[in-house]
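Report on the structure given below.
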Amino acid sequence: MGVNARTLPASLAEMPASDLDQLIQLLARLPGLGPRSARRAALHLLKKRESLMRPLASALAQAAETVKSCANCGNLDSRDPCAICRDPKRDPAVICVVAEVGDLWAMERSAAFRGRYHVLGGTLSALDGIGPEQLGIAQLLHRAADPAVKEVVLATGATVEGQTTAHYLADRLAGLPVTVTRLAHGLPVGGELDYLDDGTLIAALKARRPL
Ligand SMILES: [Zn+2]
């Protein structure tokens, strides 16, 4: 019985990939890595099997088990509440609202902010069906209602979605006795905080102004 040539590609595609192919396919799904860089990364890992590949595998497994979102602020940490929420040296009077954890890291790298954060986990986007319910905005309003909180800094970036989100939050926060400020413009249009150099971010924070 001959092989049906028309079914061959499909049956090949269903064959289990080799371990190496699977590794490359998974690496290629990481942001910033295409198939070519995934192949390079896989070769590099196999060359550095003991010094890099095994420690990386165990760090991945460990992080997958332990890292979670802080129930208070949305930051990622192995403990809940996170290290920033637990730190008694952080100023409880100021909450900086950011879209993503990467933006929080950018603020922390700049070392210009000593308050606490609220990570939304995204920005409002009608196109992507992301509304206020998806962004933990009720939790932010709850936190901002604490009498210890005096200022909420909106740092949701200069994209259209970032600005829409900031305006929405400013409206929702308007009834509370807190000053609502926005990072100064001078942020590159469409720029996300994570891509800013520290100097630009520090300047934008220092020159923040009430909405
Ligand atoms: Zn936290």
Side-chain angles (χ1 to χ4, degrees), residues 3 7-87 89-90 96-114 116-123 125 128-130 134-136 139 155-157 159 161-162 187-188 190-202:
V3 175
T7 63
L8 195 56
S11 58
L12 273 178
E14 283 157 20
M15 275 175 61
S18 75
D19 291 342
L20 182 54
D21 287 340
Q22 194 187 14
L23 174 63
I24 292 167
Q25 282 169 20
L26 288 171
L27 286 170
R29 284 159 62 177
L30 292 172
L33 289 194
R36 186 157 180 268
S37 35
R39 287 193 294 273
R40 287 182 55 205
L43 287 174
H44 185 75
L45 286 167
L46 287 162
K47 266 186 203 158
K48 309 273 180 191
R49 199 182 291 242
E50 296 306 323
S51 64
L52 181 61
M53 194 173 194
R54 289 192 199 281
L56 176 64
S58 84
L60 286 170
Q62 177 77 11
E65 284 306 314
T66 64
V67 177
K68 48 189 165 287
S69 290
C70 172
N72 188 47
C73 78
N75 187 19
L76 291 172
D77 201 334
S78 307
R79 287 173 65 186
D80 182 10
C82 72
I84 292 175
C85 286
R86 287 199 315 271
D87 185 349
K89 294 197 290 292
R90 308 290 301 217
C96 179
V97 182
V98 293
E100 301 286 356
V101 173
D103 300 321
L104 182 159
W105 290 344
M107 295 291 291
E108 287 295 286
R109 280 200 306 273
S110 79
F113 181 71
R114 296 304 298 162
R116 296 209 167 97
Y117 293 95
H118 195 85
V119 183
L120 297 171
T123 45
S125 169
D128 299 322
I130 300 174
Q134 279 83 39
L135 296 182
Q139 167 69 0
T156 48
T159 58
E161 290 84 4
L187 298 183
E192 296 301 319
L193 301 192
D194 200 17
Y195 294 100
L196 294 181
D197 67 88
D198 293 351
T200 308
L201 191 48
I202 291 166

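- The distance from atom CD1 of I24 to atom CZ of R29, rounded to the nearest 0.5 Å, is 14.5 Å.
- In terms of modelled atom types and a separation under 3.5 Å, the side chain of D77 and the main chain of A83 share a donor-acceptor contact.
- Looking at heavy atoms from C-beta onward, I130 lies out of side-chain contact with T123 at the 4.5 angstrom threshold.
- Note on R116 versus E108: no salt bridge recorded, every NZ/NE/NH1/NH2 to OD/OE distance being 4.0 Å or above.
- Between the side chain of Q139 and the main chain of N72, a donor-acceptor pair closer than 3.5 Å is present.
- Between L23 and D19, every side-chain heavy-atom pair lies at or beyond the 4.5 Å cut-off.
- When side chains are defined from C-beta on, R90 counts as touching D87, because their heavy atoms get closer than 4.5 Å.
- R39 has its side chain within reach of P35: a pair of non-hydrogen atoms, C-beta onward, lies under 4.5 Å apart.
- Annotation for A42 and L27: closest pair N-CD1, 3.8 Å, computed over non-hydrogen atoms.
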Q.
Could you walk me through whether H118 and C96 satisfy the side-chain contact (heavy atoms from CB on, under 4.5 Å) test, starting with their C-alpha distance in whole Å, then the side-chain angles of each, then the deciding distance to 0.1 Å, before giving a yes or no?
A. CA-CA 6 Å; H118 195 85; C96 179; over 6 Å; no
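- The backbone N or O of P81 lies less than 3.5 Å from a partner atom in the side chain of R86, making a donor-acceptor pair.
- Contact of the L52 side chain with the H44 side chain is registered, since non-hydrogen atoms from C-beta on lie closer than 4.5 Å.
- Considering D103, I84, V101, V97 as possible partners of Y117, the one that fulfils the side-chain contact (heavy atoms from CB on, under 4.5 Å) test is I84.
- Of the inter-residue distances, the one linking L76 atom CG with E100 atom CD reads 10.0 Å to the nearest 0.5 angstrom.
- At least one donor-acceptor pair under 3.5 Å links the side chain of D80 to the backbone N or O of A71.
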Q: Take T156 and L120 through the side-chain contact (heavy atoms from CB on, under 4.5 Å) test and state the conclusion after the steps.
A: CA-CA 9 Å; T156 48; L120 297 171; 3.9 Å; yes
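- The main-chain N or O of R79 is never found under 3.5 Å from a side-chain atom of K68 such that the two would form a donor-acceptor pair.
- Of all non-hydrogen atoms in P55 and E50, the two that sit nearest each other are CD-O, 3.3 Å.
- The two residues C82 and N75 come nearest to each other via the heavy atoms SG-ND2, 3.6 Å.
- When all heavy atoms of S37 and G32 are compared, the closest pair comes out as OG-O, 4.3 Å.
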